[in-house]
Amino acid sequence: MDIYKIIDDRLRYPLASKTVNKDDLDYIDHVLSTQENQAGLILRQNIIDRKASNNRLIKELVLSDWYISGIFDLSKLMHPYTGINFSFYWLTKIKPKQVMFSIFKGSETYKGNRRHVNTLEDLVVNRVITLKYEQYLNCLSKVIKNISLSELNQQNCEADFFERALDDVNFDNLSIRYNSPEMVENRLKLEDEITKPLSELTDILLPQQIKDRTGKVCKPKHLDRLPDCLKSEAEKATNILIQAGDILVTRMGKLNFTLVEHDFNEPVFASNYLFVIRPKNDSINSEFLFLYFKSETAQKYFLQFEPSVIGHFFTKEHINNLPIIIPSKDVLSNARPLFEALYKDKNPDRVEIINKELFNTKVPEKPFQKDLIQEILSHLQIVKQHFIREVIEGDLSEIDACINAGAYKSALILSGSVLEGVLLDWLSEIDKIDYINSKTHKKMLGEIISEFKQSQHLTAYLIEAAFKISGYRNIVHPKVFLQKRVNLDKTIAEEILSDLRKILSKRLRDS
């Protein structure tokens, strides 16, 4: 078998037509009837698992007299300018011990328009497909010639290859993502949790357009900025009015969620391209559910069951059965403050709010909840660093302006203040104590620098630079000012600013 010939054979049958199921069955019947010991099929991704009657016939036809020895991602092989993905099914008459899978790492299959070429060989010769995709296809050719996984991983394949024991493969879900080691580990973690279907914990509303009803409609494009729903023109509306606490979920296309924190000041209807999810009991709240949906930990789990081949498409049955963990009391009570720390970006006390959650949130013992909370805390750390970086950039610009205006004393004093604020926040993270707002843990700048010297978070050079900045900062004190006159000039101010930048760079790099 040769992967290029298999692809050429597939091109002889219609793709994504109105009679697509019949076309698939004709194609499969042709391939399986003309091959003896092994065969290769190219089908739209996950179509073999869909529950429609024709799709069940596809699986029955494939498995009736053959074993699946491999399922390989072909990305957008046949439709490079759509979201339709394909998979290559490697079938054998001999029962394998392992089933091999692969995921293409690249995002592009073709470099240009393929309408004027007939076969994949033409695309290769004309360098229309990307180099990474060509390398990947060449590796697939080696796979069906029985190269081992260990040998394959030594090749430059631009893909992740992995195996599962045949007895461990769930033939009700043959998606590549579902069988990946990461997803297997994810499911094992979830087994330690108490879960319930989403439909038991929430009302899942599917908006339907109502004849002669018009109003403001919130659409998928508004999910990243809900106030824009109010800016839209009145149009045909649905039967679902949005209310505070609702979680809006896109039904297709880019997977996206948002939480409605407050009621709109006028009626706004949910688009029929959204699901509306409303928690209905005390075992879960909107903030936890939103954080759960948004987390990479949960999305990985959800998407492995994704039934569609085009982006994502959630059916009502699919979303009804989504497994939701029942969080511990601590995790549930922490959901609201964690949500506010992550998303209340206009609060002037944001660093204090974030630090409170970073220092006080307990990490659960159960693996899935542990991953979930650690991921949220990591996101909080990133949000905090973005915020601090913006504040620092503003202060450094002000110090530059002072130096350019000849206000050297002001530049030195501000440099010391910036250093104290950054080091005190850094030390707070290290010790898990909010030194900035604490009434019982007061620390002077010299003491803070000494603690960093002991902890070795800063090099000897940066410690010396910090003490120098602190010394110049002290000229603001009347006693120091009266004891000795210091001749300040631009050279000193620029040296201090340069040292400050080095310390700040170290802080931001280590966060």
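In this model, no donor atom of one side chain and acceptor atom of the other lie less than 3.5 Å apart for D73 and N85. Between the side chains of Y136 and S102, a donor-acceptor pair is found at a separation under 3.5 Å. Residues R501 and S505 bring no donor and acceptor atom of their side chains to less than 3.5 Å of each other. Checking N355 against K384 by side-chain atom types alone, a donor-acceptor pair falls below 3.5 Å. Between the side chains of Q381 and E429, at least one donor N or O lies within less than 3.5 Å of an accepting N or O. E151 and S148 share a side-chain donor-acceptor pair at under 3.5 Å. Looking at D499 and Y461, their side chains do bring a donor and an acceptor atom within 3.5 Å of each other.
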**OP:** With side chain to side chain donor-acceptor pair (under 3.5 Å) as the test, would you mind laying out the steps for S417 and E420 before giving the verdict?
**Re:** CA-CA 5 Å; S417 296; E420 182 175 16; 5.6 Å; no

Subject >> Candidate pair E191 and L188, rule side chain to side chain contact (heavy atoms under 4.5 Å, CB included), full reasoning >> reply: CA-CA 5 Å; E191 288 177 1; L188 289 174; 3.8 Å; yes

Original post:
When you look at N173 and N170, which way does the side chain to side chain donor-acceptor pair (under 3.5 Å) test go after all the steps?
Top reply: CA-CA 6 Å; N173 193 330; N170 177 5; over 6 Å; no

**OP:** Would you please test E158 and K105 for salt bridge (Lys or Arg N to Asp or Glu O under 4.0 Å) and show each step?
**Re:** CA-CA 6 Å; E158 299 297 336; K105 289 181 180 178; over 6 Å; no

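Every residue meeting the disulfide bond (SG atoms under 2.5 Å apart) condition with C139, not counting sequence neighbours, appears here in chain and number order: C157.
Taking the charged nitrogens against the carboxylate oxygens, D228 and K221 have no contact shorter than 4.0 Å, which rules out a salt bridge.
Other residues, nucleotides and ligands contribute over 12 non-hydrogen atoms within 6.0 Å of the CD atom of E235. Heavy atoms of other residues, nucleotides or ligands lying less than 6.0 angstrom from NZ of K366 number more than 12. Counting non-hydrogen atoms of other residues, nucleotides and ligands closer than 6.0 Å to CZ of F264 gives a total above 12. More than 12 heavy atoms of other residues, nucleotides or ligands shown are found within 6.0 angstrom of CD1 on I103. The local environment of CD in E266 is crowded, with over 12 non-hydrogen atoms from other residues, nucleotides or ligands closer than 6.0 Å. More than 12 non-hydrogen atoms from other residues, nucleotides or ligands lie less than 6.0 angstrom from NZ of K189.
The one candidate from N256, T250, I240, I247 that meets the side-chain contact (heavy atoms from CB on, under 4.5 Å) condition with L274 is T250. Of the residues E352, K356, R350, E357, the one that meets the side-chain contact (heavy atoms from CB on, under 4.5 Å) test with I354 is R350.
At a threshold of 4.5 Å between non-hydrogen side-chain atoms, the residues V418 and L504 count as touching. Two residues are said to be in side-chain contact when any heavy atoms from C-beta on lie closer than 4.5 Å; E451 and K443 meet this criterion. Side-chain atoms of F339 and E261, non-hydrogen and from C-beta on, do get closer than 4.5 Å to each other. The shortest side-chain heavy-atom distance between S87 and F72 does not fall under the 4.5 Å cut-off. Contact annotation: the side chain of H457 approaches that of W426 to within less than 4.5 Å [non-hydrogen atoms, C-beta and beyond]. Using a 4.5 Å cut-off on side-chain heavy atoms (C-beta onward), I326 and L201 make contact.
Aromatic rings of F290 and Y343 (six-membered ring for Trp) have centroids within the 6.0 Å cut-off, being under it. A distance below 6.0 Å separates the ring centres of F104 and Y133.
Remark: R177 is not positioned above the aromatic ring of F101, lacking an NZ or CZ atom under 6.0 angstrom from the ring centre and at most 45 degrees off the axis. Note that R251 lies outside the cation-pi zone of Y273, set by a 6.0 Å cut-off to the ring centre and a 45° limit from the axis.
Among residues at least two apart or in separate chains, side chain to side chain donor-acceptor pair (under 3.5 Å) pairs with a member in residues 276-286 are D246-R278, N281-S283.
A distance of 4.5 Å separates OG1 of T361 from CG of L338, quoted to the nearest 0.5 Å. One distance of note links CE of M183 with OH of Y178; it measures 11.5 Å at 0.5 Å rounding.
At distances below 3.5 Å, at least one donor-acceptor pair connects side-chain atoms of T258 with backbone N or O atoms of L223.
Scanning all heavy atoms of the two residues, the minimum distance from Y408 to I403 falls at CE2-O, 3.5 Å.
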